Amino acid sequence: MLNIQVSDSGKGIKEEEHKKLFTMFGKIQRTADVNQEGIGLGLTICKELCSKNGGEIFVESKGEG
């Protein structure tokens with residue numbers, strides 16, 4: 001099994017917004033102004049690729065958003 005972990009030092013993501021990250025065109029409102037060019041497909045594509053290869057992708061955040 002391959003495990004890849006990514007971390008950063010940002011403010012975090014509110015728990016109610018976690019699922020939104022992996023939906024088509026799902027963008028977190030707080031970051032929508034920062035990343036105006038993205039359309040919210042990147043993590044949806046990653047989730048699909050992981051799933052088709054027997055893996056999973058998820059988010060863990062202790063941040064307040």
Side-chain angles (χ1 to χ4, degrees):
M1 172 188 257
L2 174 65
N3 181 7
I4 299 172
Q5 182 175 345
V6 178
S7 63
D8 66 25
S9 58
K11 292 182 177 182
I13 301 169
K14 293 180 182 177
E15 188 170 345
E16 59 267 18
E17 295 180 322
H18 287 190
K19 288 185 180 180
K20 193 179 207 180
L21 287 173
F22 300 104
T23 60
M24 289 185 94
F25 309 109
K27 294 181 81 173
I28 296 173
Q29 189 60 42
R30 182 178 55 82
T31 61
D33 295 331
V34 175
N35 182 10
Q36 294 179 357
E37 294 179 19
I39 59 172
L41 290 176
L43 288 174
T44 304
I45 293 168
C46 290
K47 182 177 181 179
E48 186 69 23
L49 289 171
C50 286
S51 178
K52 288 185 184 250
N53 287 286
E56 65 177 329
I57 187 171
F58 58 91
V59 63
E60 295 178 340
S61 178
K62 296 178 183 176
E64 300 175 11

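Worth knowing before you read on, the calculation uses all heavy atoms, side chains too, and leaves out hydrogens, waters and symmetry mates. Note that this is a predicted model, so its numbers are computed, not measured.
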Engineer: Check H18, E17, K19 against V59 for a side chain to side chain contact (heavy atoms under 4.5 Å, CB included) and give me the one that passes.
Structural biologist: H18
Engineer: Which pair of non-hydrogen atoms, one from N53 and one from L49, has the smallest distance, and what is that distance?
Structural biologist: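 Between these two residues, the closest heavy atoms are ND2-O, 2.8 Å.
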Engineer: Compile the donor-acceptor pairs under 3.5 Å between side chains in residues 39-48 and protein atoms, sequence neighbours left out, one pair per line.
Structural biologist:
unit_1: T44; atom_1: OG1; unit_2: T23; atom_2: O; d: 2.9
unit_1: T44; atom_1: OG1; unit_2: M24; atom_2: N; d: 3.4

Engineer: Of the non-hydrogen atoms in G12 and S61, which two are nearest, and what is the gap between them?
Structural biologist: CA-OG, 3.4 Å
Engineer: Measuring from C50:SG to F22:CZ, what's the distance to the nearest 0.5 Å?
Structural biologist: 8.5 Å
Engineer: Would one find more than 12 heavy atoms of other residues, nucleotides or ligands at under 6.0 Å from atom CD of E16?
Structural biologist: yes
